[in-house]
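A quick write-up on the structure given underneath.
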Amino acid sequence: YIAKKPRIVFLITKDTNNYEADKTVPRFAETLEKEHGYEVTVLLGTGDHGSYRYPSMEALSQADLLVVFARRIALPHEQMNAIKTYLSKGKPLIGIRTANHAFAVQGKIADVAAGFEDWPDFVADFLGCENRGYGPHELGYDVTVVPEAANHPIVKDLQIKQWHSKGGIYKVALLDKEATVLLMGKANESVEPIAWTRNEGKSRVFYISMGYPDDFQTQQFITLLTSGIKWALDKKK
């Protein structure tokens with residue numbers, strides 16, 4: 001008996017405000033396959049915000065983990081249902097950066113086309129937070145591990161002396177008071193939670209508001225994301 005490789009599906013989008021996910025994620029996926037033995041499918045869709053469609057969405061029905069790094073899209077009913085069905089089975093979810101407005105299509109950007117749907121409540125219901133906009137971009141922010149979480153499997157291998165991300169900090173309201181906050185970010189006087197875990201039903205959820213192109217160049221971030229994937233796939237808990 002050969003244990004099957006865990007299957008990971010990434011849903012990403014390419015637009016000027018999605019932090020080059022279409023470049024960073026495929027490279028990261030290669031590392032996951034080569035160095036960690038996962039089977040990774042990266043899906044990049046087509047269309048505008050109000051009518052976006054992924055190819056090969058049937059991969060999700062076989063997935064052990066879904067990772068979302070997508071920004072403000074409405075999907076065909078059957079594709080959104082595929083995501084909801086996946087989550088209803090208690091399977092794990094990771095959200096990267098723009099996942100905190102993944103399926104919230106704003107009127108300014110587009111109207112949701114006939115046959116498509118958005119899902120603004122995904123953020124509160126699954127990521128356990130509310131998107132409150134952005135901090136200053138030009139400064140970046142300093143990243144620290146929350147002391148109480150230092151032994152958590154996602155952050156225990158991080159070597160943080162000085163970790164500065166060049167991205168703009170996301171302002172969030174953490175709605176889930178049971179969430180385990182792992183990392184904080186500080187820009188000037190603004191301090192925000194930037195990584196946490198929570199449970200939604202039987203689904204393990206890990207969200208990280210980092211994911212700037214430069215983050216993917218740093219070993220800490222790659223270690224963090226890889227540890228997050230291991231944690232999400234760990235069924236022993």
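All figures in this text were calculated on a predicted structure; none of them were measured in a lab.
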So, does [X] use its side chain to make a donor-acceptor pair with the main chain of [Y] at under 3.5 Å?
X: Asp22; Y: Lys14; answer: no
X: Tyr86; Y: Leu66; answer: yes
X: Lys4; Y: Pro6; answer: no
X: Gln220; Y: Ile160; answer: no
X: Tyr207; Y: Ile96; answer: no
X: Asn131; Y: Gly133; answer: yes
X: Thr226; Y: Ile222; answer: yes
X: His36; Y: Tyr38; answer: no
X: Tyr141; Y: Val191; answer: no
X: Trp196; Y: Val205; answer: no

Hey, are the side chains of [X] and [Y] touching, using non-hydrogen atoms and a 4.5 Å cut-off?
X: Val146; Y: Met184; result: yes
X: Asp176; Y: Glu200; result: no
X: Trp163; Y: Leu158; result: yes
X: Phe103; Y: Asp121; result: no
X: Met57; Y: Ile83; result: yes

Over all atoms of both residues, closest heavy-atom pair of [X] and [Y]:
X: Ala187; Y: Gly140; value: CB-O, 3.5 Å
X: Tyr54; Y: Thr13; value: OH-CG2, 3.7 Å
X: Val155; Y: Ala150; value: CG2-O, 4.1 Å
X: Ala74; Y: Gly50; value: CB-O, 3.7 Å
X: Met210; Y: Phe221; value: CB-CE1, 3.6 Å
X: Ala102; Y: Val68; value: CB-CG1, 3.8 Å

Between [X] and [Y], is there shared hydrophobic-cluster membership here, with clusters defined by ILVMFWY side-chain heavy atoms closer than 4.5 Å?
X: Leu139; Y: Val172; value: no
X: Met80; Y: Leu43; value: yes
X: Leu225; Y: Val181; value: yes

Separation of [Y] [atom2] from [X] [atom1] (nearest 0.5 Å):
X: Cys129; Y: Arg198; atom1: SG; atom2: CZ; result: 9.0 Å
X: Leu174; Y: Arg132; atom1: CG; atom2: CZ; result: 10.5 Å
X: Trp231; Y: Leu65; atom1: CH2; atom2: CG; result: 10.0 Å
X: Ser165; Y: Tyr212; atom1: OG; atom2: OH; result: 8.0 Å
X: Arg204; Y: Leu233; atom1: CZ; atom2: CG; result: 9.5 Å
X: Ser88; Y: Asn81; atom1: OG; atom2: CG; result: 10.0 Å

On the 0 to 90° scale, with breaks at 30° and 60°, tag the Phe122-Phe126 ring pair as parallel, tilted or perpendicular. parallel

Just say parallel, tilted or perpendicular for the rings of His101 and Tyr170, cut-offs at 30° and 60°. tilted

Side chain to side chain contact (heavy atoms under 4.5 Å, CB included) between Leu183 and Ile208: does it pass, once the steps are laid out? CA-CA 9 Å; Leu183 299 176; Ile208 172 105; 4.2 Å; yes

Does the ring center of Phe10 lie less than 6.0 Å from the ring center of Phe69?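 No: the rings miss the under 6.0 Å criterion.
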
Electrostatic pair [X]-[Y], nearest N-O below 4.0 angstrom:
X: Arg7; Y: Asp64; value: no
X: Arg53; Y: Glu78; value: yes
X: Lys84; Y: Glu117; value: yes
X: Asp214; Y: Lys166; value: yes

Show, in sequence, the C-alpha distance, side-chain angles and deciding distance for Asp142 and Gln162, and conclude whether the side chain to side chain contact (heavy atoms under 4.5 Å, CB included) test is met. CA-CA 8 Å; Asp142 294 320; Gln162 292 170 308; over 6 Å; no

Chi angles and distances behind the side chain to side chain contact (heavy atoms under 4.5 Å, CB included) call for Val67, Leu11: CA-CA 6 Å; Val67 185; Leu11 296 181; over 6 Å; no

Chi angles and distances behind the side chain to side chain contact (heavy atoms under 4.5 Å, CB included) call for Phe206, Leu182: CA-CA 10 Å; Phe206 171 49; Leu182 304 176; 4.0 Å; yes

So which residues get pulled into Leu175's cluster when ILVMFWY side chains under 4.5 Å apart are joined, directly or through others?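 Once heavy-atom contacts under 4.5 Å are chained together, Leu175 still belongs with nothing else.
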
Under 4.5 Å between side-chain heavy atoms, chaining through other members, with only Ile, Leu, Val, Met, Phe, Trp and Tyr counted: pull out the rest of the cluster around Val112, sorted by chain and number. Val105, Phe116

Identify whether NZ of Lys or CZ of Arg in Arg97 sits under 6.0 Å from the centre of the six-membered ring of Tyr19 and within 45° of that ring's axis. yes

When Arg71 is tested against each of Asp15, Asp48, Asp118 for salt bridge (Lys or Arg N to Asp or Glu O under 4.0 Å), which residue passes? Asp15

Is there a side chain to side chain donor-acceptor pair (under 3.5 Å) between Gln219 and Thr223? Walk through the geometry before answering. CA-CA 6 Å; Gln219 191 51 54; Thr223 299; 3.2 Å; yes

Take a 6.0 Å sphere around NZ of Lys91 and say whether it holds more than 12 heavy atoms from other residues, nucleotides or ligands. yes

